[in-house]
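For reference, the structure is listed below as structure tokens.
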Amino acid sequence: MTRFVELHTNHGMIRAELDDTKAPKSVENFLAYVADGHYDGTVFHRVIKGFMVQGGGFAPGMTQKPAKAPIANEANNGLKNQKYTLAMARTNAPHSASAQFFINAADNGFLDHKSESAQGWGYAVFGKVVEGTEVVDAIERSKTGHRGGFDDVPLEDVVIERAIEVTG
């Protein structure tokens with residue numbers, strides 16, 4: 001069964017198809033956060049033109065939301081960090097992804113899995129945008145600056161008003 005999530009933002013709707021065959025843990029994790037309402041009212045807090053837009057961890061004002069335990073990195077699943085794919089965000093520790101995710105705004109092959117080492121693990125792709133690429137593009141064009149101790153933060157909040165799982 002193909003699974004989809006809609007991210008209703010203050011810039012429009014993004015519909016993503018999730019690949020639970022190649023990234024079952026990442027999809028299960030993402031959908032659990034969707035079902036819990038975790039993403040509702042969060043912001044895309046890191047936007048870098050020509051690279052990616054990241055969200056899922058902060059409320060407006062850069063207040064961090066609590067997250068569940070991290071999941072295993074599935075970047076060795078064969079999926080590539082291509083434009084408009086969704087991937088799990090993480091720290092420098094390969095198996096540290098929890099709630100945060102990003103949408104690639106370019107083909108970012110340097111983020112792909114190369115080896116099971118600290119430098120080579122990569123970032124696990126688990127879906128792709130199938131509607132709303134123009135919304136991703138608009139978010140990517142947001143003016144950014146320094147806010148709440150962070151860089152690359154949109155100066156005007158880009159809010160995920162609600163995230164819902166939808167069928168076909």
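- Once rounded to the nearest 0.5 Å, the distance linking NE2 of His11 with CD of Glu140 reads 12.0 Å.
- Note that the CD atom of Gln119 and the CG atom of Asn92 stand 9.5 Å from one another [nearest 0.5 Å].
- By the criterion of side-chain heavy atoms lying less than 4.5 angstrom apart, applied directly or through intervening Ile, Leu, Val, Met, Phe, Trp or Tyr residues, Met88 is grouped together with Phe44 in one hydrophobic cluster.
- The distance from the OH atom of Tyr123 to the CG atom of Asn108 is 11.0 Å, given to the nearest 0.5 Å.
- Interatomic distance, Glu74 CD to Asp19 CG, rounded to the nearest 0.5 Å: 9.5 Å.
- Under the 6.0 Å distance and 45° angle rule, Arg162 does not count as a cation-pi partner of Tyr39.
- In terms of heavy-atom proximity, Met13 sits nearest to Val135 at O-CG2, 3.6 Å.
- A salt bridge between Arg15 and Glu6 is present, with a side-chain N of the basic residue lying under 4.0 Å from a carboxylate O of the acidic one.
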Could you walk me through whether Gln82 and Asn104 pass the side chain to side chain donor-acceptor pair (under 3.5 Å) check?
CA-CA 6 Å; Gln82 296 171 326; Asn104 285 289; over 6 Å; no
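- When the shell of 6.0 Å around CD of Glu28 is examined, it contains 12 or fewer heavy atoms from other residues, nucleotides or ligands.
- Counting non-hydrogen atoms of other residues, nucleotides and ligands closer than 6.0 Å to CG of Asp151 gives a total above 12.
- Heavy atoms only, all atoms of each residue included: Ala124 and Ala75 are closest at CB-N, 3.5 Å.
- Linking Ile, Leu, Val, Met, Phe, Trp and Tyr residues whenever their side-chain heavy atoms come within less than 4.5 Å places Val136 and Ile160 in a single cluster.
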Salt bridge (Lys or Arg N to Asp or Glu O under 4.0 Å) between Glu156 and Lys143, worked out
CA-CA 8 Å; Glu156 292 183 23; Lys143 289 192 184 339; over 6 Å; no
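- To the nearest 0.5 Å, the span separating CG on Asn76 from OG on Ser115 amounts to 10.5 Å.
- Comment: Asp107 does not engage Lys80 in a salt bridge, judged by the lack of any side-chain N to carboxylate O separation of less than 4.0 angstrom.
- The side chain to side chain contact (heavy atoms under 4.5 Å, CB included) test applied to Ala59 returns Thr63, not counting sequence neighbours.
- Counting only heavy atoms from C-beta outward, the side chains of Val53 and Phe102 never approach each other to under 4.5 Å.
- Using the six-membered ring where Trp is involved, Trp121 and His95 have ring planes that are perpendicular, over 60° apart on the 30 and 60° scheme.
- Looking only at side-chain heavy atoms (C-beta outward), Val43 and Val158 stay at 4.5 Å or farther from each other.
- Residues Ala163 and Asp40 approach most closely at N-OD1, 2.8 Å, considering heavy atoms.
- With rounding to the nearest 0.5 angstrom, the CG atom of Asn81 is 12.5 Å from the CD1 atom of Ile103.
- Taking each heavy atom of Ala106 and Gly50 in turn, the nearest pair found is CB-O, 3.4 Å.
- For an aromatic pair to be called close, the ring centres must be under 6.0 Å apart, and Tyr33 with Phe101 fails this.
- Across every non-hydrogen atom of Val47 and Pro154, the tightest pair is CG2-CG, 3.6 Å.
- Residues Leu79 and Val129 fall into different hydrophobic clusters, defined by Ile, Leu, Val, Met, Phe, Trp and Tyr side chains chained together at heavy-atom separations under 4.5 Å.
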Given the rule in the side-chain contact (heavy atoms from CB on, under 4.5 Å) test, do Val5 and Val166 qualify, once you have shown the distances and angles that lead to the verdict?
CA-CA 6 Å; Val5 164; Val166 294; over 6 Å; no
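- A 6.0 Å sphere centred on NZ of Lys65 holds more than 12 heavy atoms belonging to other residues, nucleotides or ligands.
- Under the ring-ring contact (aromatic ring centres under 6.0 Å, His included) criterion, Phe150 pairs with Phe58, sequence neighbours left out.
- Electrostatic pairing of Asp157 and Arg147 counts as a salt bridge here, judged by a charged N lying under 4.0 Å from a carboxylate O.
- Looking only at distances, no side-chain donor or acceptor of Asp20 sits under 3.5 Å from a matching main-chain atom of Arg3.
- Transitive grouping of hydrophobic side chains (ILVMFWY, heavy atoms separated by less than 4.5 Å) keeps Leu86 and Met52 in distinct clusters.
- Criterion: ILVMFWY side-chain heavy atoms under 4.5 Å apart, direct or through other members. Under it, Ile164 and Phe4 are part of a common hydrophobic cluster.
- When all heavy atoms of Ser142 and Lys49 are compared, the closest pair comes out as O-NZ, 3.1 Å.
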Mind running side chain to side chain donor-acceptor pair (under 3.5 Å) on Thr144 and Asp152 for me, showing each step along the way?
CA-CA 5 Å; Thr144 60; Asp152 306 309; 4.6 Å; no
List the steps and the verdict of side-chain contact (heavy atoms from CB on, under 4.5 Å) for Ile14 and Tyr84.
CA-CA 10 Å; Ile14 300 166; Tyr84 301 125; over 6 Å; no
Side chain to side chain donor-acceptor pair (under 3.5 Å), that's the test. Do His45 and Gln100 meet it? Break it down for me.
CA-CA 10 Å; His45 65 276; Gln100 293 187 39; 3.2 Å; yes
